[in-house]
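Structure first, commentary second.
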Number of protein chains: 2
Amino acid sequence: MSNKLPGALFVIGLGPGDAALVTPEVTAALARCTDVFGYFPYVARVPERPGLMRHASDNREEIARAQAALACAAAGGQVAVVSGGDPGVFAMASAVFEAIEHGPAAWQALDIQVLPGISAMLAAAARVGAPLGHDFAVVSLSDNLKPWELVLHRLRAAASAGFALALYNPISRARPWQLGAALTALRDILPLETPVIFASAVTRPDERIEILTLAEAAAEPDRADMRTMVLIGTAETRRIARGDGLSDWVYAPRSAGPRSTGPRSAGARPA
Amino acid sequence: MSNKLPGALFVIGLGPGDAALVTPEVTAALARCTDVFGYFPYVARVPERPGLMRHASDNREEIARAQAALACAAAGGQVAVVSGGDPGVFAMASAVFEAIEHGPAAWQALDIQVLPGISAMLAAAARVGAPLGHDFAVVSLSDNLKPWELVLHRLRAAASAGFALALYNPISRARPWQLGAALTALRDILPLETPVIFASAVTRPDERIEILTLAEAAAEPDRADMRTMVLIGTAETRRIARGDGLSDWVYAPRSAGPRSTGPRSAGARPA
């Protein structure tokens, strides 16, 4: 780490995986950094070069990682904290600001920039069409940091109100049943043929994308894994044949009418 | 337009404005296109060059624009349809697939790719910290294509369930009262001090970002305009002083507990 002051901290989104989806802003910031902190597979995506120290850690170490990065920047480092996708969506940005709020005053004085990245949900959506093209909600299925009943409550509230859904952290070895439970709960609210997309390793060599119905997905949630983004449509979501004859496009129509699950009185105006 | 077959259609996200946020994938696609279609200010962001025909149109012409682009691709053109931000978030991707579903069969056989962009909401969020760092919902306030009561219903449902909110299309000359009505409705659900961000022209030379309370925002919705992204926190959103002493950071904590507006029974497990 450099000993020149003042240090700086970049909270960086690397996008879903393909180098062609890394923004020039991020590439430029990484080129001037002295230290990069992050979860092993994300740090591995930052090219090695002389003068760059790589600090990789496990994925349950967010606050400790944020603290180490802030301490490094406070000591004069030009520091990057890297996340896959966008750093502000279930990723390191919240952990960094949480560490700042509860850390030494010197950390609050640091030059900090959050550099957005192509989010996993929008990269996945692009692969199948425009399933998030109208109102949608984004939910983490992890119950490590919130009660499971709250996760279910939010899923039910959003689906009942006609939001499409993007689910992060759908499944892991430590949380094997949550995705199945979520899809089963949604089966009571949405039509059984509602499109559900399991998009794994999007834009990476082992990308795998499946378009299922809600009934199919609820019956086989194990088709998803830790690297899967789950997108769920609404009663209005459309599924049409693709030119290749092999797959489909899925999109949200631009209009939502009284057919949706919302109230049926149209045209009301506020007082 | 080229007469060589087969044509192709790229549905492209140009990001929020800064050229450093355009992905290399998008830059490469634009370099091989013969025709670019879009709303005037977005088409203006695509560099002119010999061999590229620019087709700019008004912002209420989405379906006609999509049809013109598809016809151009069907005739052998290498065609880009450009949106600001991400093309799959209240932008051209839905319009393109809607036009395909209801158009001639030849359009369904076209080679189509959706290329994601940095969305306006995530660029705005990055500027102020991590206000969308936990569960959030994305809502268009436009009642051109859905009843206003449905917009309100979705806002209330999402805020009541503890989602942060990202609001697109908050205000325009034709829709002057909707943002004020939305914020007034949310004042009945969220604490008056809930952070509200008005982020205008994000990453552009005239960028203007204000962090308000919900009470302040509801009292002065006219501080927003057509180019404003509105982000609304939750009862748990944190606001902390920034190092420059002039502004604040806003972030969503990673944990959500029984303090949230969801149900209070923690730890329940599915049968």
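Protein chains get the first letters and strands the later ones, always in sequence-line order, with residue 1 at the start of each.
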Heavy-atom closest pair (Pro147(A) atom, Ala256(B) atom, distance to 0.1 Å) is CD-O, 3.2 Å
In this structure, CD of Glu25(A) is separated from OG1 of Thr23(B) (nearest 0.5 Å) by 13.0 Å
Looking only at Gly133(A), Ala106(A), Ala91(A), the option with the highest number of non-hydrogen pairs under 4.5 Å against chain B is Gly133(A)
Comparing Gly243(B), Gly180(B), Ala20(B) against chain A, the one with the most heavy-atom pairs below 4.5 Å turns out to be Ala20(B)
Cut-off 4.5 Å, heavy atoms of chain A, and the answer for Leu152(B) is neither
In short, Arg254(B) meets Glu62(A) closest at the heavy-atom pair NH1-CB, 3.6 Å
Looking only at heavy atoms, the pair that brings Ala252(A) and Ser94(B) closest together is O-OG, 2.6 Å
Q. Should the pair Phe90(A) and His134(B) be assigned to parallel (<30°), tilted (30 to 60°) or perpendicular (>60°) ring geometry?
A. perpendicular
Checking Leu150(A), Val138(A), Val151(A), Val139(A) against Asp135(B) for side chain to side chain contact (heavy atoms under 4.5 Å, CB included), the one that qualifies is Val139(A)
Here the pair of heavy atoms bringing Ala93(B) nearest to Gly129(A) is CB-O, 4.4 Å
Heaviest contributor of heavy-atom pairs below 4.5 Å to chain A, chosen from Gln113(B), Gln108(B), Arg156(B), is Gln108(B)
Heavy-atom nearest pair, Ala137(A) first then Phe163(B), reads CB-CE2, 4.0 Å
(request) Would you indicate whether the side-chain heavy atoms of Ile100(B) and Tyr251(A) approach each other to under 4.5 Å? (result) no
Counting heavy-atom pairs under 4.5 Å with chain B, the top scorer among Gly245(A), Ser142(A), Gly15(A), Gly88(A) is Gly88(A)
Honestly, the part of Val22(A) sitting under 4.5 Å from a heavy atom of chain B is backbone
All heavy atoms of Pro116(A) vs all of Ala123(B), minimum pair found to be CG-CA, 4.3 Å
Bottom line for Ile240(B): the part with an atom under 4.5 Å from chain A's heavy atoms is side chain
Of the listed Ile63(A), Thr27(A), Asp18(A), the one with the largest count of heavy-atom pairs under 4.5 Å with chain B is Ile63(A)
Output for pair (Leu122(B) CG, Leu122(A) CG), nearest 0.5 Å, gives 6.5 Å
Bottom line for Ala95(B): the part with an atom under 4.5 Å from chain A's heavy atoms is both
Taken to the nearest 0.5 Å, the spacing of Leu115(B) CG from Leu21(A) CG works out to 8.5 Å
When the 4.5 angstrom heavy-atom criterion is applied to Met92(A) and chain B, the contacting part is neither
